Protein chains: 2
Amino acid sequence: MGTKTSSSSVINSVIVQKYGGSSVADVDRIRNVANRIAKRVREGHKVVTVVSAMGKTTDNLISMAKSLVPKPDERELDMLLTTGEQISCALVAMALKDIGINAISLNAFQIRVLTTRHHTNARIMDIDEKRLKKYLQEHDVLVITGFQGITEDEHLTTLGRGGSDTSAVALAAKLGCDCEIYSDVAGVYTCDPKLYPQTKKLKYITYDDMLELAATGAKVLHSRSVEIAKKYNVRVYCGSSFSDEEGTWVVGTLPEWLEEPLVTGVSLDRNQVKVSIMDLPNDANIISDIFKRVAEKGINVDMISLVKNGTSTHLSFTVVPDRVEKIKDLLDDTLSVYGAKYHFYGQFAKITVVGTGMRSHYGVASKFLEVISKNGIEPEIITTSEIKISVLVPEEKAEELMKNICEEFDL
Amino acid sequence: MGTKTSSSSVINSVIVQKYGGSSVADVDRIRNVANRIAKRVREGHKVVTVVSAMGKTTDNLISMAKSLVPKPDERELDMLLTTGEQISCALVAMALKDIGINAISLNAFQIRVLTTRHHTNARIMDIDEKRLKKYLQEHDVLVITGFQGITEDEHLTTLGRGGSDTSAVALAAKLGCDCEIYSDVAGVYTCDPKLYPQTKKLKYITYDDMLELAATGAKVLHSRSVEIAKKYNVRVYCGSSFSDEEGTWVVGTLPEWLEEPLVTGVSLDRNQVKVSIMDLPNDANIISDIFKRVAEKGINVDMISLVKNGTSTHLSFTVVPDRVEKIKDLLDDTLSVYGAKYHFYGQFAKITVVGTGMRSHYGVASKFLEVISKNGIEPEIITTSEIKISVLVPEEKAEELMKNICEEFDL
């Protein structure tokens, strides 16, 4: 990403908005989104709107590809999936023009959203600021395809599930403005209201806490988007596209009048697969070689735990199920040389408690582990950072445990 | 279009194939298309495949746009519709890779299919030969989105219904090779088999005859594609994607052993609207002004008839129904100045008999008009060229008339 600019008059009144798939799921909702955008234009803003694919479009396209071939080529999968956002962008722009707004839809080619080459999981490297500003001079609203980019040699890429958030924040960073993320959830809660109805909505949350929550299963914001927001200090507002209920601001530091809570939130990440590799030689180069190969394939591994004994090393880590095939191919290629074996264990869930407040308070970890043990659960993996603690537990026990944690930490 | 090249070894073995929407309507048909392409690759060819949108995709996207807004913006409509071909191209490329073929899908941005700015009805101006050849060096099959292009300032355009034929022939012209057009029809018939089951399939047809048939409703080839084939002398083969039945070659001149028929075919074009403008001043500048404005809007008018009397001029022409709105806006703007009125008359059909043989034979016109009058029909407009005669007749009488014409001319 290049540097921010903020001096031009064009830029001063710009806001970036992002609407998720459920907000544009049908023509009535698209009209609703158009009216919301039009309201901001009439207030005097120029609006850069990032739109996800309509409703279940992306899932449906993936299903179609998988019904055609067992392992769709990832470059072609990106070519397929990027159509979803182009459809919703064109429709939103049509709806805006129909109500008299000077709007234009633009895809990843048209504004040169340059990404890495990791198909299905690429990262934004740059966006063509000159093109953006030219289009902003000519139009009041740019409706931009989220979730997608192009490589330097012009292949289409996608940013991974939830990547439209990242597109939106990257655009706000480029334009030096705030970013509003609209979905069917009215903000950031201390935990998932479906799991614990007494949950509280936060007015503010720090980038760091949001980053941990996003990375660990809270579906409000894509974690890469929070990283970019933090790096470029973009203020992100999360709200509902269906109501005017007050949402949550994601910011660098909390307002001074707000007392910092011990624990900000707790998140649940279902559907985790544990990969265990046994009997590796005690050699740090081998571990590093394995993770290098994993990274080269664009696979994110999550919780990592390593146990060394006298003669060999056991390594465990977690991945999402749709990466299992890739990991399997990779381990088949790699491990035979070392005489090591691997196993996959499915049906786990990761529970994470997050709070910048942990930095200055002791006892969160012990209280957390106490609740787990009271529930009669043996954690599979525990990982910690300065501001979070995660445990991997059997999926069927996770919901009950979540509720107990919320009660214990007053969330 | 640039000049043809034919000396390079890469080029010698290239063929262009185009598969229509019904040939890629579902995953089974896509697998079938992939197998047909793979067969040609294994014979030693490089294949450039142009693919239409799956089945009814384009119609469905148009319906969705029209359910959102009454008059979808055409620039945005193109942005919407171009997704259809990108989806089918990605799927065909996946299916090819799955059976071990080195294929890649490419859209209008990636090979720079440069067109005019007439959204929804643009014309191809150039295709980037260097990019094409680079991709052909790296891959055995290029799967290219038909029907679409980009303008010089990178807006997406579409070429009008059936435009994928044009994309295919333009690519063949660029590459200096033959073009195979596959659809659910096994070739070019003297008339529509649905209307006259005794119709005959032609082994060869000249560009000129095909051009007249294509322009007048025979749906086998888009007429712009035949114009390009004629201009660059591309041999076009029309066949079925579902069988190996022998199809029809569209060529510059018939093989010498083939006796030139008097009439090559007859076509029916339903759903014609007659536009009548009454009481125009007798001033050629006005007529020219009207058609200039019509052309600027990218509207094709078809049969034109003009009657001048002492004080005023009556002008009639035909258009397809989905251009009526545009014509109406235009005439409202234009005619009031001259005090002229206009009317639309719907529900007509155009019947055209075509044959290069007419050039050297008399009596085709009189025989044709005799059949019409025997059927008790009063033609609304008659237009003729060296190799065809068209009449506009009430739509409900058209089918019966077609049959009588086929019998009379032994088609």
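Chain naming here is simple, since letters A, B, ... match the order of the sequence lines and numbering starts at 1 in each. Since the structure is predicted, the reported quantities are computational estimates derived from the model, not experimental observations.
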Trainee: At what distance, to the nearest 0.5 angstrom, does CG of Leu68(B) lie from CE of Met94(A)?
Mentor: 7.5 Å
Trainee: Hey, can you dump all donor-acceptor pairs under 3.5 Å between chain A and chain B, distances included?
Mentor:
unit_1, atom_1, unit_2, atom_2, d
Arg31(A), NE, Leu68(B), O, 3.2
Arg31(A), NH2, Ser67(B), O, 2.8
Arg31(A), NH2, Leu68(B), O, 3.3
Ser67(A), O, Arg31(B), NH2, 2.8
Leu68(A), O, Arg31(B), NE, 3.2
Leu68(A), O, Arg31(B), NH2, 3.3
Asp73(A), OD2, Lys97(B), NZ, 3.1
Arg75(A), NH1, Ser105(B), O, 2.7
Arg75(A), NH1, Ser105(B), OG, 3.1
Arg75(A), NH2, Ser105(B), O, 3.0
Glu76(A), OE1, Ser105(B), OG, 2.4
Glu76(A), OE2, Ser105(B), N, 3.1
Met79(A), O, Gln86(B), NE2, 2.9
Thr82(A), OG1, Gln86(B), NE2, 3.1
Gln86(A), NE2, Met79(B), O, 2.9
Gln86(A), NE2, Thr82(B), OG1, 3.1
Lys97(A), NZ, Asp73(B), OD2, 3.1
Ser105(A), N, Glu76(B), OE2, 3.1
Ser105(A), O, Arg75(B), NH1, 2.7
Ser105(A), O, Arg75(B), NH2, 3.1
Ser105(A), OG, Arg75(B), NH1, 3.1
Ser105(A), OG, Glu76(B), OE1, 2.4
Gln110(A), NE2, Glu154(B), O, 2.8
Arg112(A), NH1, Glu154(B), OE1, 3.1
Arg112(A), NH2, Glu154(B), OE2, 3.2
Arg131(A), NH1, Glu154(B), OE1, 3.1
Glu154(A), O, Gln110(B), NE2, 2.8
Glu154(A), OE1, Arg112(B), NH1, 3.1
Glu154(A), OE1, Arg131(B), NH1, 3.1
Glu154(A), OE2, Arg112(B), NH2, 3.2

Trainee: Determine the option with the most heavy-atom pairs under 4.5 angstrom with chain A, choosing from Pro72(B), Ala90(B), Pro70(B).
Mentor: Ala90(B)
Trainee: Let me know if Leu77(B) has heavy atoms under 4.5 Å from chain A in its side chain, its backbone, both or neither.
Mentor: both
Trainee: Is Ile104(B) in contact with chain A via its backbone, its side chain, both, or neither, using a 4.5 Å heavy-atom distance?
Mentor: both
Trainee: Given heavy-atom pairs under 4.5 angstrom as the criterion, report whether the side chain, backbone, both or neither of Leu106(A) touches chain B.
Mentor: both
Trainee: Taking side chain as everything from C-beta outward and backbone as N, CA, C, O, which of these in Leu81(B) sits under 4.5 Å from a heavy atom of chain A? Side chain, backbone, both or neither.
Mentor: neither
